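As the structure is a computational prediction, the values presented were derived from the model and not from experiment. Letters go in sequence order (proteins before strands), and every chain restarts at 1.
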Amino acid sequence: MLDAKLLRKDPEKVRSALTARQADISLIDRFAKIDQKWRALTFEADELKKKRNEYSEKVGQLKRSGSDASSLMEETRGIGDKIKGLEEEIRKIEEELNEVILYLPNLPHATVPAGSDSTQNKEIKKWGSPKQFAFKPKAHDEIGTGLGILDFDRAAKLSGSRFVVYRGMGSALERALINFMLDVHTKEHGYTEIMAPVLVNRECMVGTGQLPKFEEEMFKLKDDPFYLIPTAEVSVTNLHREEILPADKLPMKYCCYSLCFRREAGSYGKDVKGLIRQHQFNKVELVKFCDPAVSYDEHEKLTADAEQILQKLGLPYRVMALCAGDLGFSSAKTYDLEVWFPSEGKYREISSCSNFEDFQARRANIRFKKAGGKPEFVHTLNGSGLAVGRTFAAILENYQREDGRVDVPDALKPYLQKDLI
RNA sequence: GGAGGAGUACCCAAGUGGUUUAAGGGGGCAGUUUGCUAAACUGUUAGGGGCUUUGCCCGCGUGGGUUCAAAUCCCACCUCCUCCGCCA
């Protein structure tokens with residue numbers, strides 16, 4: 001969430017920043033109006049409370065000295081009733097305020113390219129070169145089905161579309177990828193491994209910015225107050241919700257394997273085949289909590305850590321800086337890693353690495369304190385390191401042979417004990 | 001699911017309706033003393049919001065309620081502990 005003080009002090013700055021990312025700027029004026037009302041009413045209530053405290057004190061003194069306090073008590077009761085009325089009003093206004101401030105997206109960082117949609121994202125790096133196939137490369141779902149390691153038909157029997165069953169070497173490859181990614185991040189990049197709940201409460205979802213705006217994109221339980229996480233970012237970032245972290249512990253770096261669940265409402269007909277867009281998928285997520293002064297350095301490093309997985313797997317990719325109009329709701333700056341898919345002849349997103357600055361920290365109240373200093377909000381960052389299903393798909397496509405079999409990338413041979421699938 | 005018990009600040013803990021503006025201790029920080037360390041002594045130490053900022057309001061797990069006045073009384077909920085039942 002945005003800093004209320006900034007919204008009061010410099011609404012024009014917010015207006016221009018949010019215009020750049022095509023957000024609803026009418027919320028800014030609504031905020032000003034409601035906020036002003038809130039300030040006036042809370043001030044009035046505070047003044048009355050002061051009076052009530054003074055009068056109650058006097059009642060106590062009178063009673064102790066044996067005097068009659070009934071008229072003062074009567075008057076104080078009136079003040080109390082007024083306070084109650086005001087507080088009822090304030091509660092309503094706070095709800096209105098939340099309706100506005102929780103729906104305002106983050107401001108793009110100065111280095112974010114201008115643009116209104118994904119066509120204006122900027123390529124800033126390319127690694128590896130797509131392999132030239134002597135035959136027409138097949139799509140990953142065709143390869144996987146052909147090898148008997150992916151079974152979409154039976155998954156549909158269990159759960160419907162956008163689900164998959166991994167079988168035999170398919171299951172082993174998925175598991176190997178998870179272990180490989182976790183090993184690299186923990187042993188080479190210094191992240192602490194986390195395994196966390198995939199069912200979380202509403203506060204968590206608000207803390208990282210999925211709610212209240214994106215309710216219809218989340219799976220939620222009917223009989224219990226839980227949501228299924230769309231990414232481990234939710235569980236891991238909320239680990240430190242309502243905490244003040246010691247400054248010397250920063251940056252805190254976590255990696256977490258989890259299942260992720262997405263309703264994919266509104267993406268009917270998009271990527272209906274294959275592993276690309278599933279309701280349930282595996283992902284290894286990287287999350288950092290850091291001092292605002294270094295968050296953009298940490299962002300570059302986190303992106304490089306995610307890139308390492310692609311490099312070790314020998315998968316060609318490019319790094320895209322998302323333009324302002326394509327940024328996610330909570331993000332101030334995002335790099336997407338896009339991996340090469342030979343069957344489509346194009347790069348597709350496999351990781352999204354974002355700096356949220358203090359946007360999530362403010363919602364989730366995650367702060368840090370330097371010795372002798374005041375608590376400040378941390379900056380939170382995260383990125384996929386990587387989406388496992390999409391990595392699986394990319395390996396099948398990039399390492400396929402003409403006979404439909406797939407070479408195992410060198411980095412995975414120790415995990416699979418095989419050269420060929 | 002059932003029956004009990006507990007939740008006070010960085011930690012331990014006192015406090016069952018009114019000088020409690022949350023006692024006391026530990027720890028931390030600052031200072032005095034000291035060749036250095038320790039000890040002793042003194043001071044200080046939860047976080048947050050607002051404004052008409054020498055101040056005021058909020059604050060004792062969370063949210064309501066009772067009362068002139070709530071850490072204290074009432075209701076609901078949350079978390080942890082003990083036991084019973086069920087369970088991978």
Side-chain angles (χ1 to χ4, degrees), chain A residues 1-11 31-98 100-102 195-207 220-221 223-227 235 238-250 252 259 289 358-378:
Chain A
M1 121 181 115
L2 299 179
D3 186 359
K5 280 191 199 126
L6 176 69
L7 279 162
R8 279 173 203 138
K9 210 182 69 202
D10 200 352
F31 170 84
K33 225 164 144 184
I34 301 166
D35 181 56
Q36 197 177 23
K37 212 153 118 199
W38 179 82
R39 283 156 81 183
L41 288 175
T42 46
F43 179 74
E44 195 184 343
D46 280 1
E47 291 296 296
L48 286 172
K49 281 179 190 168
K50 181 184 176 184
K51 209 162 166 191
R52 181 178 64 180
N53 289 345
E54 286 165 2
Y55 284 17
S56 298
E57 177 71 33
K58 258 183 232 159
V59 169
Q61 281 167 10
L62 287 173
K63 287 203 163 184
R64 247 174 280 130
S65 67
S67 316
D68 174 45
S70 53
S71 71
L72 193 55
M73 279 165 65
E74 184 59 36
E75 195 178 343
T76 312
R77 195 197 333 260
I79 296 173
D81 291 343
K82 256 192 231 165
I83 292 172
K84 221 168 270 181
L86 279 172
E87 282 184 336
E88 182 58 34
E89 224 177 313
I90 289 167
R91 235 193 317 269
K92 278 187 202 143
I93 288 176
E94 279 174 349
E95 268 170 45
E96 281 180 55
L97 212 50
N98 277 341
V100 174
I101 200 156
L102 290 177
M195 234 183 238
V198 296
L199 289 176
V200 301
N201 58 33
R202 187 179 169 86
E203 286 71 44
C204 291
M205 299 291 267
V206 172
K220 69 177 166 209
L221 302 202
D223 294 324
D224 294 284
F226 293 128
Y227 290 81
S235 310
N238 279 284
L239 282 179
H240 294 300
R241 182 154 51 88
E242 308 288 341
E243 286 187 25
I244 298 175
L245 309 168
D248 59 11
K249 289 268 163 52
L250 302 181
M252 295 175 104
L259 277 167
F289 301 82
D358 63 6
F359 188 85
Q360 293 180 327
R362 207 176 283 283
R363 287 174 162 241
N365 198 22
I366 308 167
R367 292 169 295 175
F368 75 106
K369 189 154 77 165
K370 293 177 189 149
K374 286 208 147 209
E376 297 173 58
F377 291 111
V378 297

TODO: Examine distances only and state if a side-chain atom of A/D224 and a backbone atom of A/F226 form a donor-acceptor pair shorter than 3.5 Å.
DONE: no
- [ ] Calculate the interatomic distance between A/E242 atom CD and B/A46 atom C1'; express it in whole Å.
- [x] 15 Å
- [ ] Taking only the side-chain nitrogens and oxygens of A/R52, find out if one of them lies under 4.0 Å from OP1 or OP2 of B/U67.
- [x] no
Open item on the list: Under 4.0 Å, heavy atoms only, any strand: does A/K51 hit a base, just the sugar-phosphate, or nothing?
Closed with: nothing
Task: A/E74 and A/R77 ion-paired at < 4.0 Å - done: yes
Open item on the list: Please report the distance separating the C1' of B/C60 from the corresponding atom of B/C10, rounded so that it comes out in whole Å.
Closed with: 16 Å
- [ ] Using whole Å, report how far CZ of A/R202 lies from P of B/G63.
- [x] 18 Å
Task: Nearest-Å distance for atom pair CD1/C1', residues A/I93 and B/G50 - done: 14 Å
Task: Short side-chain N/O contact from A/R362 to OP1 or OP2 of B/G48, under 4.0 Å - done: no
- [ ] With RNA chain B as reference, determine whether A/E376 or A/M73 sits nearer its 5' end, using the nearest nucleotide of each.
- [x] A/E376
Task: Side-chain N,O (A/R367) to OP1/OP2 (B/G48) below 4.0 Å - done: yes
Task: Same-atom distance (P) from B/G61 to B/A14, integer angstrom - done: 14 Å
Task: Exercise: identify the closest heavy-atom pair between A/L250 and A/V378 - done: CD1-CG1, 4.3 Å
Open item on the list: Counting only side-chain nitrogens and oxygens, does A/N53 get under 4.0 Å of the OP1 or OP2 atom of B/A69?
Closed with: no
Open item on the list: Can you check the distance between B/C58 and B/U72, where both ends of the measurement are the P atom (answer in whole Å)?
Closed with: 15 Å
TODO: Mind checking A/Y55 for me? I need base, sugar-phosphate or nothing, with any heavy atom below 4.0 Å counting as a touch.
DONE: nothing
TODO: Tell me whether the OP1 or OP2 atom of B/G50 has a side-chain N or O from A/R39 closer than 4.0 Å.
DONE: no
- [ ] Considering non-hydrogen atoms only, spot the tightest contact between A/R241 and A/C204 and give its length.
- [x] NH2-SG, 3.4 Å
- [ ] Might you point out which heavy atoms bring A/L62 and A/D68 nearest each other, and give the distance in Å?
- [x] CD1-O, 4.1 Å
- [ ] For A/E47 and B/C56, give me the distance from atom CD to atom P, rounded to whole Å.
- [x] 11 Å
Open item on the list: Of the listed nucleotides (B/G50, B/G18, B/G47), which one gets closest to any side-chain atom of A/V59?
Closed with: B/G18
Open item on the list: Using 0.5 Å steps for rounding, measure from the CZ atom of A/R363 to the CD1 atom of A/I101.
Closed with: 9.0 Å
Open item on the list: I want to verify a distance call: between B/G47, B/U67, B/G18, whose nearest atom is closest to the A/K63 side chain?
Closed with: B/G18
Open item on the list: Work out how far the C1' atom of B/C73 is from that of B/G17, and round it to whole angstrom.
Closed with: 8 Å
Task: Residues A/E87, A/K84: salt bridge by 4.0 Å N-O rule - done: no
Task: A/K58 NZ to B/U19 C1', straight-line distance once rounded to whole Å - done: 16 Å
Open item on the list: Measuring only the C1' atom in each nucleotide, how far is B/U21 from B/G59? A whole number of Å is fine.
Closed with: 13 Å
- [ ] Provide, to the nearest angstrom, the distance between the CG atom belonging to A/D68 and the P atom belonging to B/C68.
- [x] 14 Å
Task: Pairing string, 5' to 3', for RNA chain B - Watson-Crick or wobble contacts under 3.5 Å, brackets [ ] where pairs cross, | to another strand - done: ((((((((.[[[..)..(.....]]]((((((.......))))))..(..(...).)...[[[[[..)....]]]]])))))))....
- [ ] Using the C1' atom as the reference point in each nucleotide, state the distance between B/A22 and B/U45 in Å, no decimals.
- [x] 14 Å
Open item on the list: Work out how far the C1' atom of B/C77 is from that of B/C29, and round it to whole angstrom.
Closed with: 39 Å
TODO: Quickly work out the A/K49 NZ to B/G50 P distance and round it to whole Å.
DONE: 14 Å
- [ ] Please say whether more than 12 non-hydrogen atoms of neighbouring residues, nucleotides or ligands are located less than 6.0 Å from CD in A/E94.
- [x] yes
Task: Nucleotide B/U67, atom P - distance to CD1 of A/I79 in whole Å - done: 16 Å
TODO: Select from A/K5 and A/S56 the residue whose nearest nucleotide in RNA chain B is closer to the 5' end of that strand.
DONE: A/S56
Task: C1' gap between B/U66 and B/C75, integer Å - done: 11 Å
Open item on the list: Minimum heavy-atom separation for A/L259 and A/V198, please, with both atom names.
Closed with: O-CG1, 3.8 Å
